[in-house]
Amino acid sequence: MSQMLPRINFTVVLQLFEIATLASTDSVATMKSQALFDAMSAAVKAKGPELVKLGGAAARTILDLARFGLDPGVGRDTVSCSYSAEVFQFVISDAGPEGKFVLDLKNGSGSAKAGEESSAAGNLARLNLRSRHAQHDCTIIMADADLVSMAEGKLDGMQAFMGGKLKIKGNMMLAQKLASILEDARGEKQTSMVPHNVRWSPRAGKSPEGFERFDFDDAAWAGMPVPGNWELNGYGFPIYTNVDFIFQSDPPNIRYRGDDPDYNPTGTYRRTFDCPPDWLESGLQVYIHLGAVCCTCRAWLNGQELGFSTDSKLPVEFNITPHLRPGRNVLALQVLCWGAAAYLEDQDMWWFAGITRDVYAYTRPREHLRDLAVRAGADGKLEVDAEIACDSGLRGHTLQCRLLDGAAELADFQVPLSQRTPSTAVGRQAASLSGVKLWSAEAPYLYTLSVTLRNEKAELTEAVCLRVGFRTVEIRQGRLLLNGSELTIRGVNRHEHHPSKGHVVDRESMVLDIRLMKQNNFNAVRCAHYPNDILFYELCDELGLYVVDEANIESHGVDFNWDKTLGNKEEWGEAHMARVQRYVERDKNFTSIITWSLGNEAGNGINHHRTYMWLKRRDPTRPVQYEHARCRSDPEWTTDNVEPRDGNTDIYCPMYPSHKKLEQYGTLYEGDVLAHPLIMVEYAHAMGNSLGAFKEYWDVIYKYGVLQGGFIWDWVDQGVETQTNGKSIWAFGGDFGGKNTPSDLNFCINGLVQPDRKPNPHLFEAKKVMQHVTFSPVDLAGGVIEVRNRYDFLTLEHLDFSWQITLNGAVAESGKLPGLRTGPHQAESIQLPLPQLSAVAGCEAHLLVSACTREAGGCFEAGEEVAWEQWLYLPAKQDVPAAVTGPEPVVDRSGGIVTIAAGPLTARIEEAQGCLSGLAWDGLELLASPLLPNFWRPTTDNDYGANLQNDMACWRLAGKRATAIGGVQIAPGPGSVRASAELLVGAGAKLLLEFQISSVKVAVEAKWRPSRKDGPQLATAGSVGYLKGHTQRHIDVEGKTVRARWNDMGEWQSLTLNVAGKEAGKPLEDGDKLALQAVTGKTESKLLLHGLVPIPTPGQLPAGYPGKASAVEASGSPQEPVWTLRRADGPGTVLSGDKVTLEAAGKFLAVVGDAVAAVDAESPSTALILEIKEQPAPMRIGFTGSLVDGFKDVEWFGRGPHESYLDRHASARVGLFQGTIAEQTVRYVRPQENGNKFETRWMALRRPSADPCSMLLISAKDPSPTLEMQCHHFALEDFDGGEVKAQQAFLHAGELVQRTTTAFCVDAIQMGVGGIDSWGRKPLDEHMIKPDQECDWSFQLIPCKEDFDGDWRQRLPQL
């Protein structure tokens, strides 16, 4: 097996990244500048690189002249550029007879004329390709003897597997690569993605016999795109799991966990290509490059085995020279879906198989550059280490290096070479430069290093170009530094994922990801959890992102215990070492990579110690991190406490620490100069509606210098575009394969952006919280604020600052500020020229300060907002409510309904429930369903992870089941009627309601009073309890083992009481049959729930205990009732502290010593005390209802424009916002709670203006000046799941069916969404509703014609 040649771009001479629009003069106005053409000409004449961008907003052309690698001895003397409204022409000519290179971009259907070719040009490649951006052709004419022979080596023998789509002679690799790039730019498949003949089998190693032979007949085989994943091209089915392997964990054996244990697909590929005669005659070495093959690959050429590959994320190359034939050749590959190497590739992603990166062939001379290692430090020192392959000795070869900055040459030096072995020469040299521009993510300045190898005749043998950035990474005095400055990592984890192509990721997707990251204030990315396509690193170098590069090692599904983990097993040492060495050698010259990672969630031990030590020797210029660098005694990580760390990491990089843990580390190590800097390798799990308390994370980070940021998990929802029942959905685990296909459901859906890169709302929160400029008030009344520059290198000169004042959301005053030059990590106070304002009744004034980019550049457009802050500048003056006037209401009580009519308004209240069941205006009924109390929200992914769908199940239907105690009381008043009711909710809580109905509105006043502990807690279905035996020990569950070891009521002792025939919240009674549900384990994707059941195995009882016993195990269904409960005191409801027995099939649950068993007869051991955990607080406290068909639009004054929550609203500014009601629903990939509007003053829902009522205004009212509101064209139940997600009626957003009615919510409070993790942690305590928390709130329902008052937005408090 050949190792991939490291960081040398051997295959690209000229790269046309993008193509300009040339349809009209206006679209390319910037091209008319003569200075631009002069710059291009000068760049090439000086034989240096220059990035030249053509066009304005539609520009898509970049000529990377660095790719030419032009040499001083070439003798170029003619460079010309010309432009007209129709044609742009760029010509490089030679004084000699070799011909010229011509690039024409022509309007219409024009192409290069034959006369433009030199008669002595030799082998030419011509491509006529149409751009998607305009009706013009692009013609490229390339002469081998001209550019090719002097560019990046002798490329005339290179050829990619392009399928004969273009008939090209000579310089095939170059021409095909150009074709590929150009076609990619116009939205077509790259020409490398052509069908290979393929045969697929569901069995390991089952390929047609003799398939590798040259003469094998594959005419009947089907086609398969390369790159391409089998499962997305009709072969097999996608499978997703997170922690667990999809096969039994028994290294190195593979036994699938689904229906067919022998399922392990094999793909057999065959590809034919022609070998030009000069490949064999010129003595060149020919290589096959396989970019990435998952998982195990064997290769043959013409029936001769080449070798095999076992790393699915690194290239493998084979020297095929000895096996080549003149003319036709056949490459055959056998790809096995899962081999032993799959135990090291248990990353949290789809288990896709196939060839996922480019496959091509190329040639190299016998004497060539085997390796280059380039180091460019912040001190201006440039070091080059070279290794030369020379089978027959050096014989006078020279290696020359030139450093170029655009057209300027900064350094020109020779690297002295010495023979190390008969076939290897080495050399190293350094140059010191002064005044170099340093590279950083904020200013990614790159130089070009041209390296040329010449033979003893001074003939050019090979030339390469590298982009080089000068920078130094180090850890000093407990801080991670770049160029001597402390870094703050605003990072995100990124998987290689494409919504339709799976693990085949194109350049367009990469660029989009990087641009979005930069535009949302990210400066770093972690390649989670494997080496990426090299193009991604090139783009990070160019566009500016810090990169944590990571080895393709994760064995999560084995175990972290040192005695079990593969990381501590000698027989797996070579595999660990090879993966680390190969990815480091491939990627070592990328400037953007600032940290190496040994892998992810692969335990710790000798193998990781050895790879760490090798890496520190190989590359002392970068730190090495490993999250699992934990000690043998503490192999697991904890959320709240700082773990002891092993020595094989330079950075403390915990996963999912709580805010408390960060605070603890900061307190311990802020002043310790020997401390590890803390950079969270994963945090803020962004699954579904998440990222709560993200601002609180950064409050702690900014507090301590030793906390240097982290990487959010993760960037993109890994949904796969597919169809179900005729609807397009983003599919996730469980959507493919049979019933027993291994799956972790939607745990791959935890991105800041959706699969198509549409932002999820929490992306905006990340952008706001991590902004590089922050503002704080100094003297707000006097207009003085502090501006802090949180850039690590830039001043604020590139930003424009402005301010504005809004009155009740409408802009009243605004202005621009003088430019600031605040240095990095510095702050200054500035004076805002604010007007004098006086408090006005019912009018809030807010001050907004904003920073926007001054000019376009990099990933930003001019005027793009990068930072802002808003404050309440002047609160509203308290207004005296106006007296209620109007016609006296008429009250009618009949049929259990109280009807109150006042002028055009009619309200109906149900006596039994005390709820508003009808609201009509001028005869038009507005309510489609009653306005009911609501204490439940559609469960988020974080709610499921914390088991709240069960722990809080008593609140799911509590609002619908609330009953009025004593009916509805009526109290007439002047111009209005007050209707009041006291509602009993759940197990003793009360909701006091009062409706004030007049001719213009219904005012609702509500007071929430949770149940009080005046006596023992009532036991209810779905409540959590603890069972204590006569030994004063509680039953506890660890895994499936049931014991009674301690007198404790913690997580292990918690049992959920699921009662047959009773919904959660109903009282538990003597004789009820129930399941005792325990949490038997948890992974990052789910809680494991089982019921306690007796099993046939004899129970373990103390010696001398009479009678027989069966063991009890936590292995039953968590919902299947098996135990009949009996109260010692006889029939009645069960209260906490009651003595009970539990009997199943004639056996009684018993605690005997520290054992738990099922015994034949009652005894003191079977008498158990049932203690009930305090009833949890509800998820929300408020009301919900629905409106009839016809409401389409919404306007609100509050936070927006996107959704906001108690613990996630920093990014939602206060203002006036409007849109359609349909737009207010956030279609998370799995539907869940969404669309909340935190701190809303009012929300207006609109109907057609011709209707009797064209608007329903919902307005907060003292004592609650702001409330939480939302509106949807779906019922809340449409977003909700059951006890497990798989029960959800609409499991995918694409399956939702929009309703004509409008559901709305008006809440006093809703708990936060959380975001520490999605497998156990609730929101922070301050973002939870307290069990004893009381709430008083009020709001108004005002139906009206919208034109009833032209100034209603300002006069609302008086209405």
Side-chain angles (χ1 to χ4, degrees), residues 935-936 939 943-958 986-989 1010-1011 1013 1015-1029 1033-1038 1042 1044 1046-1060 1062-1069 1072-1082 1086-1093 1114 1116-1123 1125 1133-1140 1142 1149 1151 1156 1168-1179 1282-1284 1311 1319-1323 1325 1328-1332:
F935 307 97
W936 183 259
T939 38
D943 293 340
Y944 273 111
N947 200 31
L948 300 188
Q949 82 282 7
N950 289 316
D951 290 353
M952 293 185 170
C954 59
W955 296 109
R956 185 186 290 270
L957 301 174
S1011 59
K1013 297 181 183 177
Q1017 176 87 25
L1018 178 68
T1020 60
S1023 60
V1024 175
Y1026 311 91
L1027 290 171
K1028 182 168 66 176
R1033 295 176 177 177
H1034 288 85
I1035 292 177
D1036 67 79
V1037 180
E1038 183 179 11
V1042 182
W1046 306 288
N1047 182 11
D1048 188 20
M1049 292 189 290
E1051 184 177 349
W1052 286 3
Q1053 290 79 26
S1054 300
L1055 299 169
T1056 301
L1057 311 177
N1058 295 323
V1059 184
K1062 284 191 176 179
E1063 294 177 341
K1066 292 292 186 181
L1068 184 61
E1069 298 174 293
D1072 280 343
K1073 196 169 185 179
L1074 64 154
L1076 301 175
Q1077 174 187 293
V1079 177
T1080 56
K1082 63 174 67 175
K1086 59 189 173 185
L1087 290 174
L1088 305 178
L1089 304 176
H1090 292 90
L1092 273 59
V1093 292
S1117 166
Q1119 300 296 323
E1120 184 178 349
V1122 296
W1123 302 98
L1125 180 144
T1133 56
V1134 180
L1135 301 176
S1136 183
D1138 280 357
K1139 186 178 291 187
V1140 300
L1142 292 162
L1149 190 64
V1151 173
V1156 175
L1168 306 173
I1169 303 297
L1170 177 60
E1171 296 165 290
I1172 299 299
K1173 185 178 180 179
E1174 180 183 12
Q1175 187 180 43
M1179 293 180 170
E1283 293 174 349
V1284 295
M1311 63 181 278
W1319 52 89
R1321 293 307 294 247
K1322 300 176 185 176
D1325 288 344
M1328 294 289 292
I1329 301 172
K1330 306 300 185 291
D1332 60 351

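Here the structure is a predicted model, which means the values were calculated and not measured.
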> I need the minimum non-hydrogen distance between P1331 and E1174, along with the two atoms involved.
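Where P1331 meets E1174 most closely, the heavy atoms are CB-OE2, 3.6 Å.
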> Of the options Q1119, Q1077, Q949, which is the one that meets E1283 in a side-chain hydrogen bond (donor to acceptor under 3.5 Å, both in side chains)?
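Exactly one candidate clears the test, Q1119.
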> Does the side chain of P1178 reach to within under 4.5 Å of the side chain of W936, using non-hydrogen atoms?
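No. Closest side-chain heavy atoms not under 4.5 Å.
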> Got a second to check how far L948's CG is from M1311's CE, nearest 0.5 Å?
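Answer rounded to 0.5 Å: 5.5 Å.
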> Using a distance-only test with no angle check, is there a side-chain donor-acceptor pair under 3.5 angstrom linking Q1175 and Q1017?
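Judged by distance alone, the side chains do not pair up.
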> Stepwise, does the side chain to side chain contact (heavy atoms under 4.5 Å, CB included) test hold for R956 with F935?
CA-CA 7 Å; R956 185 186 290 270; F935 307 97; over 6 Å; no
> Look only at the side chain of T1080 and the backbone of L1088, and say whether a donor-acceptor pair between them is shorter than 3.5 Å.
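Checked: pair present.
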> Sequence neighbours left out, what passes side-chain hydrogen bond (donor to acceptor under 3.5 Å, both in side chains) with W955? Give chain and number order.
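W955: no side-chain hydrogen bond (donor to acceptor under 3.5 Å, both in side chains) contacts found.
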> Nearest 0.5 Å, please: how far is OH in Y1026 from CG in L1055?
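If we round to the nearest 0.5 Å, L1055:CG and Y1026:OH are 9.0 Å apart.
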> Could you measure the distance from the CG atom of N1047 to the NE2 atom of H1034? Nearest 0.5 Å is fine.
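That separation rounds to 5.5 Å.
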> Residues in side-chain hydrogen bond (donor to acceptor under 3.5 Å, both in side chains) with D1332, at least two apart?
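Partners of D1332 under the side-chain hydrogen bond (donor to acceptor under 3.5 Å, both in side chains) test: none.
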> With sequence neighbours excluded, tell me which residues meet side-chain contact (heavy atoms from CB on, under 4.5 Å) with T1020.
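Partners of T1020 under the side-chain contact (heavy atoms from CB on, under 4.5 Å) test: A987, L1018, S1023.
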> For G988 and S1011, work out which heavy atoms get closest and say how close.
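Closest pair (atom of G988, atom of S1011, distance): C-CB, 3.5 Å.
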> Testing L1057, V1024, V1134 for side chain to side chain contact (heavy atoms under 4.5 Å, CB included) with I1172, which one passes?
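Looking at L1057, V1024, V1134, the match for I1172 under the side chain to side chain contact (heavy atoms under 4.5 Å, CB included) is L1057.
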> Any donor-acceptor pair under 3.5 Å linking the side chain of N950 with the backbone of N947?
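Pair absent, no side-chain N/O of N950 close to backbone of N947.
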> List in chain and number order the residues that pass side-chain contact (heavy atoms from CB on, under 4.5 Å) with A953, two or more places apart in sequence or in another chain; answer none if no residue qualifies.
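Per chain and number, A953 pairs via side-chain contact (heavy atoms from CB on, under 4.5 Å) with A1064.
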> Is the shortest side-chain heavy-atom distance between V1079 and L1089 below 4.5 Å?
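The answer is yes, as the side chains (C-beta and beyond) meet within the 4.5 Å cut-off.
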> Restricting to salt bridge (Lys or Arg N to Asp or Glu O under 4.0 Å), what partner residues turn up for R1033, sequence neighbours left out?
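With sequence neighbours excluded, R1033 shows a salt bridge (Lys or Arg N to Asp or Glu O under 4.0 Å) to no residue whatsoever.
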> Could you state the interatomic distance from OG1 (T939) to OH (Y944), rounded to the nearest 0.5 Å?
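Taking OG1 in T939 and OH in Y944, the distance rounds to 3.5 Å.
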> With sequence neighbours excluded, what pairs up with K1073 under the side-chain hydrogen bond (donor to acceptor under 3.5 Å, both in side chains) test?
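Checked K1073 against side-chain hydrogen bond (donor to acceptor under 3.5 Å, both in side chains); zero matches.
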> Can you tell me how far CG of L1149 sits from CG of L1092, rounded to the nearest 0.5 angstrom?
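With rounding to 0.5 Å, CG (L1092) is 7.0 Å from CG (L1149).
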> Of all the heavy-atom pairs spanning S1136 and P1016, show the shortest one and how long it is.
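The pair with the smallest heavy-atom distance is O-CB, 3.6 Å.
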> As an exercise, state the distance from CG of L1027 to CG of D1036, rounded to the nearest 0.5 Å.
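One gets 11.5 Å once the value is rounded to the nearest 0.5 Å.
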> Within the side chain of K1330, is there an N or O that forms a donor-acceptor pair under 3.5 Å with the backbone of M1328?
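Yes, K1330 side chain to M1328 backbone: donor-acceptor pair under 3.5 Å.
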> Within the distance-only criterion (no hydrogens, no angle test), does the side chain of W1046 pair as donor or acceptor with the backbone N or O of Q1053 below 3.5 angstrom?
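Side chain of W1046 to backbone of Q1053, a donor-acceptor pair under 3.5 Å: no, none is there.
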> Quick one: list whatever passes salt bridge (Lys or Arg N to Asp or Glu O under 4.0 Å) with E1038, sequence neighbours left out.
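Only R1043, R1045 meet the salt bridge (Lys or Arg N to Asp or Glu O under 4.0 Å) criterion with E1038.
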> Of all residues at least two apart in sequence or in a different chain, which pass the side-chain hydrogen bond (donor to acceptor under 3.5 Å, both in side chains) check with E1069?
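side-chain hydrogen bond (donor to acceptor under 3.5 Å, both in side chains) check on E1069 returns K1062.
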> According to salt bridge (Lys or Arg N to Asp or Glu O under 4.0 Å), who are the partners of K1066, at least two apart in sequence or on a separate chain?
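Once residues adjacent in sequence are excluded, K1066 has no partner under the salt bridge (Lys or Arg N to Asp or Glu O under 4.0 Å) criterion.
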> Are side-chain heavy atoms of V1037 and W1052 found at a separation under 4.5 Å?
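V1037 does not reach W1052 side chain to side chain.
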> List in chain and number order the residues that pass side-chain contact (heavy atoms from CB on, under 4.5 Å) with V1093, two or more places apart in sequence or in another chain; answer none if no residue qualifies.
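Per chain and number, V1093 pairs via side-chain contact (heavy atoms from CB on, under 4.5 Å) with I1095, S1115, V1122.
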> With D951, which residues qualify under salt bridge (Lys or Arg N to Asp or Glu O under 4.0 Å), at least two apart?
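Applying salt bridge (Lys or Arg N to Asp or Glu O under 4.0 Å) to D951 gives none.
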> Mind checking what makes side-chain contact (heavy atoms from CB on, under 4.5 Å) contact with A1075, not counting sequence neighbours?
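Scan of A1075 (side-chain contact (heavy atoms from CB on, under 4.5 Å), adjacent residues dropped) gives N1058.
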> Show your working on side chain to side chain contact (heavy atoms under 4.5 Å, CB included) between L1068 and V1059 and close with a plain yes or no.
CA-CA 8 Å; L1068 184 61; V1059 184; 3.5 Å; yes
